[in-house]
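Below: the structure, in structure tokens.
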Amino acid sequence: RTRAAFANKSAALCAAVSTRQYALCAPVPRVAGIRSMKTPNFDHAPQARPPQVWVLTTEKLGDNAQVRAIADALGWPYELKRLDFTGVNHFHFRVFGPSLRNLAVERSASLMPPWPDLLLTIGRRATPVALWIRQQSEGKTKLVLVGQPRVGFACFDLVVGNPQCPLPAYPNLIRLG
């Protein structure tokens, strides 16, 4: 195949499913903003457990470095979940929605309950897996995506825009750099 033919097919597929873009995700409630700049007094507050955090990693070392840097900066313990994928990648993931369809389950980390409170991910191949995890947790898992969302900003609680990805303004977008 030529690159032009592949690009035309990809563009046609994206156009065909773009109307389903937000149908894949339930509406995400917005987190209330900071109401006061005063530092609360936590001396007498009960100590809550830190949230359970999963970081989805793939074969892309640069992507892994970005999500791990954010996880390290949070200061909470986290669990790395390495994902390996099948070679079946010719269908755009928006067609299937939240799924493990392109995941090589036998070569990937176990994705079993208890589900995380927070999930950090990056990249288009891990997106359907992240959405599947949120679905399994009945919407309790908060999703943070680093980079460009391919299924719409509304699918994520927070999108972290890196400098190499110009993104339009959106309420749940934080830009780095």
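Keep in mind that the numbers below use all heavy atoms, side chains included, and drop hydrogens, waters and symmetry copies. The chain is numbered in sequence order, starting from 1. None of the values given here were measured: they were computed from a predicted structure.
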Which atoms form the tightest heavy-atom contact between [X] and [Y], and what is the distance?
| X | Y | answer |
| --- | --- | --- |
| Ser110 | Met112 | OG-CG, 3.0 Å |
| Ile133 | Pro116 | CG2-CD, 4.0 Å |
| Gln66 | Val146 | OE1-CG1, 3.8 Å |
| Leu173 | Ala169 | CD2-CA, 4.4 Å |
| Phe85 | Arg107 | O-NH2, 3.1 Å |
| Pro114 | Trp54 | O-CZ2, 3.6 Å |

Would you say the side-chain atoms of [X] pair up with the backbone N or O of [Y], donor to acceptor, closer than 3.5 Å?
| X | Y | result |
| --- | --- | --- |
| Asn172 | Val159 | no |
| Arg175 | Leu167 | yes |
| Arg134 | Leu119 | no |
| Thr121 | Thr127 | no |

According to a hydrophobic-cluster definition based on side-chain heavy atoms being under 4.5 Å apart (Ile, Leu, Val, Met, Phe, Trp, Tyr only), do [X] and [Y] belong together?
| X | Y | result |
| --- | --- | --- |
| Ile122 | Phe156 | no |
| Tyr170 | Leu131 | yes |
| Leu111 | Val53 | no |

Does the side chain of [Y] come within less than 4.5 Å of [X]'s, by heavy atoms?
| X | Y | answer |
| --- | --- | --- |
| Cys155 | Leu143 | no |
| Val67 | Leu56 | no |
| Leu145 | Phe153 | no |

Which residues share a side chain to side chain contact (heavy atoms under 4.5 Å, CB included) with [X], sequence neighbours left out:
| X | result |
| --- | --- |
| Leu158 | Val144, Val160, Ile174 |
| Leu74 | Trp76, Leu118, Leu120 |
| Glu138 | Lys140 |

Applying side-chain hydrogen bond (donor to acceptor under 3.5 Å, both in side chains), which residue pairs with at least one partner in residues 55-65 are found, sequence neighbours left out?
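Residue pairs passing side-chain hydrogen bond (donor to acceptor under 3.5 Å, both in side chains), neighbours aside: none found.
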Under the salt bridge (charged side-chain N to carboxylate O under 4.0 Å, His left out) test, which residues partner Asp84, sequence neighbours left out?
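Salt bridge (charged side-chain N to carboxylate O under 4.0 Å, His left out) check on Asp84 returns Arg82.
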List for me each residue that meets salt bridge (charged side-chain N to carboxylate O under 4.0 Å, His left out) alongside Glu106, sequence neighbours excluded, and say none if there are none.
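Partners of Glu106 by the salt bridge (charged side-chain N to carboxylate O under 4.0 Å, His left out) criterion come out as none, since no residue qualifies.
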Return the CG to OG1 distance between Leu100 and Thr86, rounded to the nearest 0.5 Å.
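Here the interatomic distance stands at 11.0 Å.
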Evaluate the criterion side-chain contact (heavy atoms from CB on, under 4.5 Å) for residue pair Arg68 and Leu80; output intermediate values, then yes/no.
CA-CA 9 Å; Arg68 288 187 72 175; Leu80 293 175; 3.7 Å; yes
side-chain hydrogen bond (donor to acceptor under 3.5 Å, both in side chains) partners of Glu79, counting only residues at least two apart:
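By the side-chain hydrogen bond (donor to acceptor under 3.5 Å, both in side chains) rule, Glu79 matches Lys81.
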Among residues at least two apart in sequence or on other chains, which ones pass side-chain hydrogen bond (donor to acceptor under 3.5 Å, both in side chains) with Ser108?
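Testing Ser108 for side-chain hydrogen bond (donor to acceptor under 3.5 Å, both in side chains), a comparison that skips the adjacent residues, returns none.
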Taking salt bridge (charged side-chain N to carboxylate O under 4.0 Å, His left out) as the cut-off, I'd like each qualifying pair that reaches into residues 108-122, sequence neighbours left out, listed once.
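Listed by first then second residue: Arg49-Asp117.
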In terms of ring plane angle, is the pair Trp115 and Trp132 parallel, tilted or perpendicular, where the classes change at 30° and 60°?
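Trp115 and Trp132: perpendicular rings.
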